[in-house]
Amino acid sequence: MTSAAFTLILTGLKYLFGVPVMVDSTLRHSSVQASSPRVVTRFAPSPTGYLHIGGARTALFNWLLAKKTGGKFILRIEDTDLKRNTPTATQQVIDDLRWLGITWDEGPEVDGPNAPYFQSQRRETYDKYIRQLLEQGRAYYCFESTEELGQLRGQAEAQKKGFIYQRPAVLPTEKDVEKAKAEGKPVTIRFAMPEGTIIINDLVRGEVSFNTAELGDFIIIKSDGFPTYNFACVIDDHLMGITHVIRGQEHLMNTPGQQALWQALGFGNPPQYAHMSVTISESGGKLSKRERPQTLRKAIKARTDTDFNLNELAGVGGLSADEMKDFLKGESVPDVPAIEAMAKYLGISLPEINVVDFFKSGYIPEAMVNFIALLGWSTGDTREVMPLDELIAAFDITRLTKSNSLFDRGKLVAYNTEHLKMLPKEKLLAHFKAYLKIVDSPVAKADDETLLRLIKICEGARTLADIEHKTKFLFTADDRIEFDEKAVQKVLLKDNGLAMLKLVRDKLAAMAELTEQGIEDMLRALAEEHKVGLGKVAQPLRVAITGSTISPPIFDSVQMLGKERTLKRIDNAVQKFADTK
RNA sequence: GGCCCCAUCGUCUAGGCCGGUCCAGGACACCGGGUUUUCAACCCGGCGACAGGGGUUCGAAUCCCCUUGGGGCUACCA
């Protein structure tokens, strides 16, 4: 691991209202490892929704590092933005992490010495440090409204300059605060950024330097009294003894500010940072949960058919006409359930972004974790498909890639196929049952023994959804089979398919007991007798009992369906298509 | 616009720090063939990349600079 964690260089003699901030000094911090041998990492999501792929990747890398080094992994909920928090989000994130197999040593539901793990419950702690900063003149009050700030920003933009908050020549006093409050002005607190150059030594990017003059004084306490991310994160990382912070590149620009804060608070050595590359989606930018509503919006706009009723769709989503209008204009985004209901109504599938989306599509966590781990990281040799323990053993934080990577669903499918083959049967059974439950499949009715058999006869399946689709016919009523038109045309109505089906029926009816072997012998004999390939006799049978040309091996399919039901389905098919051409 | 990051097959990547062993390796995808009761799986083969331009050097995918392209951030969000 790299030695110097970071270097803060401040040039010149700078005074902040009489208080010397830093005098032309170069502070070198020794290796984090030297002072704290045990690695402590964390995943700190904000509870605004489901865990998405990007978050899962961040959590995974932090978890992997902790596991690899025998360290500790903490889950901390950054719920300081009351407006954005959604009530069930924390539970959703917890469920998603558990599904992936990512467990935490400290955090919600398991607790630990650093409790509470919800930032909204740590107000006193932040208050203590903010007082310290205020007293030292390293933080100061501000009273501008959002509108005023917006105006200043607009002016800067008009001049093609970046907006930097101008620190007042004389800092507001407590008296000014009282006055502002009396006048109903919002009160926020900004960090007084010291002047100079901050160099961060990133585990994946190397040295990156920033001029603090271009960063400006950022807000650390909001007008509602809650800390902003940049402040709370620094306090908690310090208090919780975090040694390594692995996060997305989108946080790179926050790092100098956080390090300066770390320094100002006298926290000593900051953690080692590793800014991962970003995961890009097929459509271009950062993989984002916005893609689902965007896809839906596009689909709605693409509907030009006359019988399509927009109001009806709005009703499905529980939206008013105005809300629908806003959504289409891109001004608002409905809830997840509303989005999903509308997508279902339109019969379109939304891109999988959240971890649950993949669960519902039939992917297994082992494959997800393996695939996500290889997005921006590699072993260095040619190993790719690996079980979890091997992944942990192979993990090396210094091998993270610098460049962004595209989330390729095709490759995920390939990984899922491999893991489906590798996984012990009991584990697969558990995954399959969970899957059947979440998609509310009729197959869920089957007992474990049957389920295990279904898994076995679907060997080579790519997803759990494949297994479900292939075997659902067993749990459908005999007269409710949905026939695939193409399959009927090609298999039953052509080449005497129906005639062959009748022959098969008679042979089957004559069999005392159905075994896979018996069925196979019978079908093969029939094919030979008529000098045709097995396909010619098997396919009509397959279509008759499943309605489609896709099914598990025919011998198993028939055996599992049973003689009575098979005959009934053959009769139904013969009757149904006898007069069709 | 400003600041920051990145750049090898369509995609994920190995190699780059320690320049020659790389006319660039693997995987997915794709194409062709095989196996076959369907789909999937499986087997064999093929296509396919060092963004461009300048340097440095006997020699550059590897080091330096520029251009171009992509991405991130630019909130009283995290």
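Numbers restart at 1 for each chain; the letters A, B, ... are given by sequence-line order, proteins then strands. In what follows, every heavy atom counts, from backbone to side chain, and hydrogens, waters and symmetry copies are set aside.
Contacts of A:K470 with the nucleic acid, taken as non-hydrogen atoms under 4.0 Å apart, include base atoms. Contact annotation for A:L215: no contact, since no heavy-atom pair falls under 4.0 Å across all strands. Residue A:K160 is in sugar-phosphate contact alone, with no base atom involved, counting any heavy-atom pair closer than 4.0 Å across all strands shown. Here A:E459 lies in heavy-atom contact (under 4.0 Å) with a base. Counting any heavy atom pair closer than 4.0 Å across all strands shown, A:F555 reaches a base atom. Residue contacts shown for A:R542 include a base, since a base heavy atom lies under 4.0 Å away. No contact: A:L541 has no heavy atom under 4.0 Å from any strand. Here A:P552 lies in heavy-atom contact (under 4.0 Å) with a base. A:S403 comes within contact range of the sugar-phosphate backbone alone, with a heavy-atom separation under 4.0 Å but no base atom that close. A:N254 comes within 4.0 angstrom of a nucleotide base, judged by non-hydrogen atoms across all strands. Nucleic acid contact for A:H251: base, since at least one base atom lies under 4.0 Å from a heavy atom of the residue. Within 4.0 Å (heavy atoms only), A:S405 reaches sugar-phosphate atoms of the nucleic acid but no base atom. Among the protein residues, A:G376 comes within range of the sugar-phosphate backbone only, with heavy atoms under 4.0 Å from sugar or phosphate atoms but none that close to a base. Using a 4.0 Å heavy-atom cutoff across all strands shown, A:E144 reaches at least one base atom of the nucleic acid.
Aromatic pair A:F371/A:F407: ring centres closer than 6.0 Å. Checked against a 6.0 Å centroid threshold, the rings of A:W377 and A:F395 count as neighbours.
The base-pairing partner of B:rA40, taking Watson-Crick or G-U wobble contacts with both distances under 3.5 Å, does not exist among the strands shown. Here B:rG46 sits opposite B:rC30 as a Watson-Crick or G-U wobble pair (both hydrogen-bonding atom distances under 3.5 Å). Pair assignment for B:rC17 gives none, since no Watson-Crick or G-U wobble pairing has each distance under 3.5 Å. As the counterpart of B:rA51, B:rU67 is assigned, both hydrogen-bonding distances of the Watson-Crick or G-U wobble pattern falling under 3.5 Å. Judged by Watson-Crick or G-U wobble contacts below 3.5 Å, the nucleotide B:rC23 has no partner. Remark: B:rU35 base-pairs with no nucleotide; criterion is Watson-Crick or G-U wobble with both hydrogen-bond distances under 3.5 Å.
Of the candidate nucleotides B:rU13, B:rA78, B:rG26, B:rU13 has the atom nearest to the side chain of A:S378. Closest to the side chain of A:M253, out of B:rU37, B:rC4, B:rU38, is B:rC4. Listed nucleotides: B:rC12, B:rC4, B:rA78. Nearest to the side chain of A:K222: B:rA78. Nearest to the side-chain atoms of A:K286 among the listed nucleotides B:rU11, B:rG72, B:rA14 stands B:rG72. Comparing atom distances between the A:V278 side chain and each of B:rA14, B:rA78, B:rG72 picks out B:rG72 as nearest. In the set B:rG72, B:rU11, B:rC77, the nucleotide with an atom closest to the side chain of A:R84 is B:rC77. The A:T80 side chain lies nearest to B:rA78 when the options are B:rA78, B:rC3, B:rU38. Closest to the A:I550 side chain, of the nucleotides B:rU13, B:rC76, B:rC39, is B:rC39.
Taking only side-chain nitrogens and oxygens, A:R205 never comes nearer than 4.0 Å to OP1 or OP2 of B:rG71. Taking side-chain N and O atoms only, A:R462 has a distance below 4.0 Å to OP1 or OP2 of B:rA29.
Look at the C1' atom in both B:rU21 and B:rA60: the space between them is 15 Å, to the nearest Å. Rounded to whole Å, the separation between the C1' atoms of B:rC50 and B:rC22 comes to 10 Å.
A:K402 contributes no side-chain N or O that forms a donor-acceptor pair with the base of B:rA7 under 3.5 Å. Between the side chain of A:T188 and the base of B:rC76 there is no donor-acceptor pair of N/O atoms closer than 3.5 Å.
Rounded to a whole Å, the CZ atom of A:F371 is 12 Å from the P atom of B:rA29. Spacing between atom CD of A:E418 and atom C1' of B:rC42 amounts to 11 Å, rounded to whole angstrom units. If you measure from atom CD1 of A:I554 to atom P of B:rU37, you get 13 Å, rounded to the nearest angstrom. With rounding to whole Å, A:K161 atom NZ is found 11 Å from B:rG2 atom C1'. As a whole-Å value, the separation of A:Y273 OH from B:rC73 P is 18 Å. For the pair A:Q249 CD and B:rG72 C1', the computed distance is 5 Å after rounding to whole Å. Atom CD of A:Q119 and atom P of B:rA78 are 9 Å apart (whole Å). Summarising the geometry, the separation between OH on A:Y165 and C1' on B:rU74 is reported as 18 Å, rounded to the nearest angstrom.
Of the residues A:F191, A:Y229, A:F231, the one that meets the ring pair (Phe, Tyr, Trp, His ring centres under 6.0 Å) test with A:F218 is A:F191.
Side-chain contact check for A:F226 versus A:I221: every heavy-atom pair is 4.5 Å or farther apart. Counting heavy atoms from C-beta on, the side chains of A:F61 and A:L400 come closer than 4.5 Å.
Between A:E282 and A:R409 a salt bridge is recorded (basic side-chain N to carboxylate O distance below 4.0 Å). Under the 4.0 Å criterion applied to side-chain N and carboxylate O atoms, A:K470 and A:E459 are not assigned as salt-bridge partners.
Within residues 147-157 of chain A, the residues having any heavy atom under 4.0 Å from RNA chain B are, by residue number, A:L149, A:R153.
Taking all atoms of both residues into account, the shortest heavy-atom contact from A:V93 to A:L51 is CG2-N, 4.3 Å. A:G547 and A:A487 make their closest contact through O-CB, 4.3 Å (heavy atoms, listed as atom of the first residue, atom of the second, distance). A pairwise comparison of heavy atoms in A:A367 and A:N416 identifies CB-OD1, 3.3 Å as the closest pair. Contact between A:I77 and A:P108 at its shortest, heavy atoms only, is CG1-CG, 3.7 Å.
In terms of position along RNA chain B, the nucleotide closest to A:E250 lies nearer the 5' end than the nucleotide closest to the other residue of the pair A:T228 and A:E250. Between A:E520 and A:D408, the residue anchored nearer the 5' end of RNA chain B, judged by the nucleotide with its closest heavy atom, is A:D408.
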